[in-house]
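Have a look at the structure below before the remarks.
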Protein chains: 2
Amino acid sequence: MGKRHISLKDLAKELGVSISTVSRALKNHPDISPDMTEKIQALAEERNYTPNPLAMGLLRQQTKMIGVIVPDINTHFYSSIISGIEKVAEDHGYFIVITSSNESKKKEIIAVQNLLKSRVEGFIVCLSQETDDFAHFQKLVNNEIPLVFFDRVCEELGVPSVLANGQDATKKITKHFFENGCKRIAYISGPEHLNISQNRKVGYLNGLNECGLEYDENLMVHCNLSIEDAKLATQELLQLENKPDAIFGVNDTIAFAAMIEVKKQGYKIPEDISLAGFTDEFHSTVVDPPLTSVSHPTFQMGEEAAKLFFESIEKGKSNNKRIMLPIDLVVRESSAKKKAKPFI
Amino acid sequence: MGKRHISLKDLAKELGVSISTVSRALKNHPDISPDMTEKIQALAEERNYTPNPLAMGLLRQQTKMIGVIVPDINTHFYSSIISGIEKVAEDHGYFIVITSSNESKKKEIIAVQNLLKSRVEGFIVCLSQETDDFAHFQKLVNNEIPLVFFDRVCEELGVPSVLANGQDATKKITKHFFENGCKRIAYISGPEHLNISQNRKVGYLNGLNECGLEYDENLMVHCNLSIEDAKLATQELLQLENKPDAIFGVNDTIAFAAMIEVKKQGYKIPEDISLAGFTDEFHSTVVDPPLTSVSHPTFQMGEEAAKLFFESIEKGKSNNKRIMLPIDLVVRESSAKKKAKPFI
DNA sequence: AAGCTTTGCGAAAACCTTTGCGGAAAACCT
DNA sequence: AGGTTTTCCGCAAAGGTTTTCGCAAAGCTT
C-alpha cells in the first residue's frame, strides 16, 4: 500500500518531463506543444490525477471552508437551512463546517475560536439565544473576515444578514385569530434580547392594534426555547384568571409544547383555545389537530445566506445587505372559527 | 488589510532568528535555550499565532476530514446521528464533511468521488435506499481507505459497522401488538435489498411465529421511503378485504404517513387499528394519539460509528467489527389494548 | 549567414511547517 | 593549551501546486 494519491511529480517522473510542464499541460497552457499536452493529459486521466487541495490551499491561502454556527443541529429548521447553505457552498467548491452552539454563548465563542484556528474563510451564523454581546463577532468584522447572520442577527454589527419577516407573520396570525373570533390572544415569545423576539412582538402589537384589541401584558410571556420552559409558559397562561382563547408560539418547539400542555389540561383545540406556531410543513400536518402555522422558507434562507457570504468574500469590502424573506400563513384546523360567545 | 494569519516566518523575522528556532521553541524543544524559548513563546502568544493546518496537512499528508454520506440530512434520525459523529470527530481534532445522497445511488457515487477529491481520510456512510451494488465502496476497501457503515450496511464488504437491533425491535412490536389483542398485524417495509428491511422482516416473522400467527403476505408491503409512497402503501393495506388491525412502519416518515392516512379514512387509533413506528422521542409524543415506537439510540450510533472509524484509521488494518445497539420499545396510546372481539 | 522572434520547456520561488543534520561557539576535560 | 563535549541555533529538504523568469533551439527575416 503505497501512497494513495499521485502528484504532478509522479506524472513528471514517469514521463521524464518537469513538474511545471505537467502542470501547464493539464491547464492547456499554450506554451506546451499539443503532442506533449495530449500525452500528459492521457496519463493524468489514466492515473486518476486530482490536484492536492492542501497544496492549492497553501498556495492561494484559502481553505475553501465556511464555518457555520447554529444554536442546534437537530431540528428541521436548522438542518433545512444548513441544506440550503450546503447546496450553494458546494456549487462554489466550498465545504461547510458545522458547529452547534447548543444555545450557549460560551460555546459560541469557543466555536468561533476553533473555526478560526481551522482557517475557515468566513462565517455564517445564527446567534445562540444567550448571546447578548458581540465582541467575538466584532473581532471578525474588524479583521474583515466575512460574516453573515441569518434568522437571529445583530443589527449593530452592520453585517449582511437574511431573515424571515416575522413581524409580518405575527401580525397576520394575530389578525387571523381575531377574524376567527378570538379576543384574548396570547403570545409565547423567546428571550427578549433576540431580534426575532423583538420583531415578532412588534407584529403582535400591530396586529392587536389593527384589530382594536388592547394589549394585555399578561398575555405575552417569555421563555427560553426549551420544551420544558415552553410548557411552563403555557401553564402560566392557562392559570390566568382571564384566560387566553388563542395562543401562538414563536417557534416549533414552543408550538408543540403548548399543544401538549393545552390538551393535557383538557382544553379543546380550537374550540376552547386556538393554536398556531412557527413550524415546518410536515410536522404541522401530523399533529392533531393539524397546526395552523407560518412556515419559514428555510432552505431558501440557507441559500440566500450562502449567496451573501460569497458576495462578501468576492467583493472584498463587505456590504450590509439585508434580505427579508416573506413568510406564509398556512391555516389549518387548530385555529378554526369559534362560535360567537355571549358578551359578558 | 494585510494577511490575516501570521506564520512562523513572521515571528522569526521579527525576532531575527530562524524559522526552525521558532518552531522548536514553541514545542519546548531542548535544543533551544530557556531565554529564547520564553521570548518566542511570548511573542507568539501576543501575535496570536496558530499553526497553519494546511501546511501541517501537507506535511503529514492528512486532511483531518471525514466524509459523511447520509441519505437525507433533514430528519431527526440522521441529524442526531451526525451530532454523535461530530462530537467524537471533534474530540479527535477532525472535521466532518456532510453530503446527502438524497436516497439516490447516482448521487452517492458522485459524493464518494467528490469527497475523495477533497482528500477526506475516510468515510462514514449510510447507504442510499437505491444502492444495490457496491463497486464504489469496494474501490475504497481495495485502496484501504477507512470506511464505516451505519444503519444501512453492506455485509459483504467486511467493513466495520454499527446498527440498531431492528430484528429484535420488530419482534417486540409484533408480540406487543398480539398481546394487546391484534391478530392481523401489518408491516410497511422499505426497499427489499436493504439490510434493515431484511432484518426487520425476520423479526416480524419470528414475532408472528412466537405468537402462533400465520404469515399473510398481503400484510407486508414494501415502499420506498417517501411520504407519498408510504401513504399509498397504507391505502393498499386498508383496501384489503381482510383488513389489518395493527400496522407498523419501518421508519418515522412511514409511521407518520400511515397515521395520517389511517385517520383520513376514518379509522380510530387504536380502537380500529393499532399503530407503531420507528421514531424519535419528541415527535412521537406530539402526534395524536401519541405513537408507540421504538426509539433508535441515534446519537450513540453516531458516536460508535466515529469510534470505529478512528479505530480503523489508527490500527491501519481495518477490522470488520459489528456493533449492535439495543432498541427500546416505548409503548404509548396508539397501541393500547383492544377489547376482545368475538371470534369469527 | 547573421540577427531577430517564436516555440517549448525547466528551474526556482512562494505558500507554511517539521526535523535530521551540520556547524559555530562556548564550556568542559586533562 | 589543546582537545573533546555540550549548548544553541541555522540550513535545507520534504510535502504539492502555481507561476515568473530564463534559456535553448528552432523558425523567421533580410
Side-chain angles (χ1 to χ4, degrees), chain A residues 1-41 43-45 47-65 93 116-121, chain B residues 1-44 47-65 93 116-121:
Chain A
M1 186 56 240
K3 39 200 306 191
R4 261 150 203 171
H5 300 280
I6 63 154
S7 64
L8 289 182
K9 191 197 274 186
D10 299 326
L11 298 177
K13 203 185 297 178
E14 191 160 345
L15 289 171
V17 296
S18 78
I19 294 176
S20 39
T21 302
V22 178
S23 172
R24 276 187 278 243
L26 294 179
K27 311 193 132 44
N28 290 309
H29 193 286
D31 266 11
I32 308 297
S33 68
D35 286 7
M36 181 62 86
T37 299
E38 195 182 347
K39 206 165 58 171
I40 291 177
Q41 290 186 350
L43 186 68
E45 175 83 9
R47 292 277 182 279
N48 230 307
Y49 168 80
T50 55
N52 184 322
L54 279 89
M56 297 275 290
L58 193 56
L59 196 66
R60 307 244 184 268
Q61 291 291 67
Q62 51 183 13
T63 54
K64 301 271 185 188
M65 296 200 300
L116 228 35
K117 267 191 204 158
S118 311
R119 302 288 208 267
V120 294
E121 293 181 31
Chain B
M1 189 57 240
K3 41 202 300 192
R4 261 150 202 172
H5 299 279
I6 61 152
S7 65
L8 288 182
K9 189 198 274 189
D10 299 325
L11 298 177
K13 203 185 297 178
E14 189 161 344
L15 288 172
V17 296
S18 78
I19 295 176
S20 43
T21 302
V22 178
S23 173
R24 277 187 269 247
L26 294 178
K27 311 193 132 43
N28 290 308
H29 193 287
D31 267 10
I32 309 298
S33 69
D35 286 8
M36 181 61 85
T37 300
E38 196 182 346
K39 207 165 57 173
I40 291 177
Q41 290 186 351
L43 186 68
R47 293 276 181 282
N48 232 308
Y49 169 80
T50 56
N52 184 322
L54 276 77
M56 297 278 290
L58 193 56
L59 198 65
R60 309 245 184 265
Q61 291 291 71
Q62 51 182 16
T63 54
K64 302 269 184 189
M65 296 199 300
L116 228 35
K117 269 191 203 161
S118 311
R119 302 289 207 267
V120 294
E121 293 182 32

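What's counted below: heavy atoms across the whole structure, side chains too, no hydrogens, waters or symmetry copies. We name chains A, B, ... by the order of the sequence lines, and we start the count at 1 in each one.
Distance B/Leu26 CG to D/dC9 C1': 15 Å, rounded to the nearest Å. Here the C1' atom of nucleotide D/dT17 and the CG atom of B/Leu59 are 16 Å apart, to the nearest Å. Note: NZ (A/Lys9) to C1' (D/dA14) measures 7 Å, nearest angstrom. The interatomic distance linking A/Asn52 (CG) with C/dC15 (P) rounds to 18 Å, in whole Å. Here D/dC9 presents its P atom at 8 Å from CD1 of B/Ile40, a figure rounded to the nearest Å. Computed from coordinates, the A/Leu58 CG to D/dT19 C1' distance equals 15 Å when rounded to whole Å. Distance B/Asp10 CG to C/dC16 C1': 10 Å, rounded to the nearest Å. Separating the NZ atom of B/Lys27 from the C1' atom of C/dT17 is a distance of 8 Å, rounded to the nearest angstrom.
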- Query: Step by step, would you call A/Arg119 with B/Thr50 a side chain to side chain contact (heavy atoms under 4.5 Å, CB included)?
  - Reply: CA-CA 10 Å; A/Arg119 302 288 208 267; B/Thr50 56; 2.8 Å; yes
Stepwise, does the side chain to side chain contact (heavy atoms under 4.5 Å, CB included) test hold for B/Lys64 with B/Met56? CA-CA 10 Å; B/Lys64 302 269 184 189; B/Met56 297 278 290; over 6 Å; no
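Applying the side chain to side chain contact (heavy atoms under 4.5 Å, CB included) criterion to B/Lys13, with sequence neighbours excluded, gives no partner residue. For A/Lys27, there are no side chain to side chain contact (heavy atoms under 4.5 Å, CB included) partners at least two apart in sequence or on another chain. With sequence neighbours excluded, the residues that form a side chain to side chain contact (heavy atoms under 4.5 Å, CB included) with A/Asp35 are A/Ser33. Among residues two or more places apart in sequence or in another chain, the side chain to side chain contact (heavy atoms under 4.5 Å, CB included) test is passed with B/Val22 by B/Leu8, B/Leu11, B/Ala12, B/Val17, B/Leu26, B/Ile40.
In this structure, A/Gln61 does not reach the C/dA14 phosphate: none of its side-chain N or O atoms is under 4.0 Å from OP1 or OP2. Between A/Gln62 and C/dC15 there is no side-chain N or O to OP1 or OP2 distance below 4.0 Å. For C/dT17, the OP1/OP2 oxygens have a side-chain nitrogen or oxygen of B/Tyr49 closer than 4.0 Å.
When every heavy atom of A/Glu121 is checked against every heavy atom of A/Thr63, the shortest pair comes out as OE2-N, 2.9 Å. The two residues B/Asn28 and B/Thr37 come nearest to each other via the heavy atoms OD1-CG2, 3.6 Å.
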Tabulate atom names and distances for all N/O pairs under 3.5 angstrom spanning the protein and nucleotides 8-12 of chain C.
unit_1: C/dC9; atom_1: OP2; unit_2: A/Ser33; atom_2: N; d: 2.9
unit_1: C/dC9; atom_1: OP2; unit_2: A/Ser33; atom_2: OG; d: 3.3
unit_1: C/dC9; atom_1: N4; unit_2: A/Asp31; atom_2: OD2; d: 2.8
unit_1: C/dG10; atom_1: OP1; unit_2: A/Ser18; atom_2: N; d: 3.3
unit_1: C/dG10; atom_1: OP2; unit_2: A/Ser18; atom_2: N; d: 2.9
unit_1: C/dG10; atom_1: OP2; unit_2: A/Ser18; atom_2: OG; d: 2.8
unit_1: C/dG10; atom_1: OP2; unit_2: A/Thr21; atom_2: OG1; d: 2.1
unit_1: C/dG10; atom_1: N7; unit_2: A/Arg24; atom_2: NH2; d: 3.1
unit_1: C/dG10; atom_1: O6; unit_2: A/Arg24; atom_2: NH1; d: 3.2
unit_1: C/dG10; atom_1: O6; unit_2: A/Arg24; atom_2: NH2; d: 2.6

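Taking the nucleotide of DNA chain C with the nearest heavy atom to each of B/Ser23 and A/Arg60, the more 5' of the two is matched to A/Arg60.
Secondary-structure annotation of DNA chain C gives the stems C:1-30 with D:1-30, with a stem taken as at least 3 successive Watson-Crick or G-U pairs whose two distances both fall under 3.5 Å.
More than 12 heavy atoms of other shown residues, nucleotides or ligands fall within 6.0 angstrom of atom CD in B/Gln62.
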